[in-house]
There are 2 protein chains.
Amino acid sequence: MTPAEEIAAAFGALLLRGNRAHLYDRLTEDVAGVDSTTYPVLSGLDRAGSATATRLAEIIGLDRTVTTRYAARLAELGLVARTADPHDARAVHLTLTVQGRAAVATMRAALVSTLAVATAGWPADELESFAVSLRRLVDALLPG
Amino acid sequence: MTPAEEIAAAFGALLLRGNRAHLYDRLTEDVAGVDSTTYPVLSGLDRAGSATATRLAEIIGLDRTVTTRYAARLAELGLVARTADPHDARAVHLTLTVQGRAAVATMRAALVSTLAVATAGWPADELESFAVSLRRLVDALLPG
DNA sequence: TATTGTTATACTCTATAACTATA
DNA sequence: TATAGTTATAGAGTATAACAATA
């Protein structure tokens, strides 16, 4: 088995619907009201800082209309704030509230801790070079 | 950014719906009738060799009923063969046809080639140790 | 005329419930 | 009574179409 074949098999397993759902469940189980569908909205908003629904939709690869609906759901939960654009009355800026930032932090920590457990016992230099390689591969693999 | 955080960010990007769909599209675009929903059935059958719908459903993490329907679709395409169990008249064994095996080979090759392109220029030893680490991480991360 | 946000609607994927045949 | 397969039905997630307001 060549390295590329080995990587292909691992990615194949990772992309299986059930496994993906399982990872997302572990990620979001500690934050009420957030699930695998709304998590990307929070996470994207955290990275973008602030964005309109249209812009955010591009970032997370979802349709505008879906992003609007999920953002509304998160606003009801108090995790996302909506503010008007002073220069463009059509636009609405979405931002994380303090609660929203805390929720993202909680979920990120859950994922990081899961990964830390899974890599416990790895030599530090192996872990570090793996992380760098993975980032490089994902960047090369994904559009944008 | 710690290695675990770096890995978390890369996995987060990989699991985004749009990116996952994009990878599956590249994988299946060369085989008519197969898409991101039926691919796991073919791939799972290729690994299992032969399996009943119930057993295959467990392997790929889908419901029995869905697996039955997708297998029926693939049987219509001539990619999957259905044979009766001589010892149990209730059971139906699913197997890949020659065409089915060819389809799996085509799709696997597409993924492997995508990965090979993305890792072109990597030192051979780095690539190899990355592949080993990734397999180890995915095994530790996923149930089963 | 084009764009932002939104709502109405329809389609796809998946699971639950219910049925038949066999064990 | 339990299990394999299947079909009918319902729910969740997402996209397309259509609308109002603003640019």
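Everything numeric here is computed off the predicted structure, so don't read it as measured data. Proteins get letters first, then strands, A, B, ... in listed order; numbering begins at 1 in each.
Donor-acceptor pairing under 3.5 Å is recorded for the side chains of Arg108(A) and Ser43(A). Counted by atom type alone, Ser133(A) and Glu126(B) present one or more donor-acceptor pairs between their side chains at under 3.5 Å.
In this structure, CG of Leu56(A) is placed 14 Å from P of dT4(C), rounded to the nearest angstrom. If you measure from atom CG of Leu94(A) to atom P of dT4(C), you get 13 Å, rounded to the nearest angstrom. Between Arg64(A) atom CZ and dG5(C) atom C1' the separation is 7 Å, expressed in whole Å. Atom CG of Leu62(A) is separated from atom C1' of dT16(D) by 15 Å (rounded to the nearest Å). In this structure, Arg73(A) atom CZ and dT6(C) atom P are separated by 14 Å, rounded to whole Å. In this structure, Asp63(B) atom CG and dT12(C) atom P are separated by 20 Å, rounded to whole Å. When rounded to the nearest whole Å, the span between CZ of Arg90(B) and P of dT20(C) equals 17 Å. Distance CZ (Arg17(A)) to C1' (dT12(C)): 12 Å, rounded to an integer number of Å.
In this model, a side-chain donor or acceptor of Thr65(B) finds a partner on the base of dT16(C) within 3.5 Å.
If you check every strand for non-hydrogen atoms under 4.0 Å, Thr54(B) touches sugar and phosphate atoms only. Residue Val66(A) is classed as a base contact, given a heavy-atom separation below 4.0 Å to a base. Using a 4.0 Å heavy-atom cutoff across all strands shown, Arg82(A) reaches sugar-phosphate atoms only and no base atom.
Of the residues near DNA chain D, Ser36(A) and Asp88(A), the one whose nearest nucleotide (by heavy atom distance) lies more toward the 5' end is Ser36(A).
Using a distance-only test at 3.5 Å, with no hydrogens or angles considered, no donor-acceptor pair links the side chain of Arg26(B) to the main chain of Ala110(B).
Of the side-chain N and O atoms in Arg69(B), none sit less than 4.0 angstrom from OP1 or OP2 of dT12(C). Taking only side-chain nitrogens and oxygens, Thr68(B) comes nearer than 4.0 Å to OP1 or OP2 of dT6(D).
With dG5(C), dC13(C), dG13(D) as the candidates, the nucleotide lying closest to the side chain of Tyr70(B) is dC13(C).
By the 30° and 60° cut-offs, the orientation of the rings of Phe130(A) relative to Phe130(B) is parallel.
The existence of a salt bridge linking Arg55(A) and Glu58(A) is confirmed by a sub-4.0 Å separation between a basic side-chain nitrogen and an acidic carboxylate oxygen.
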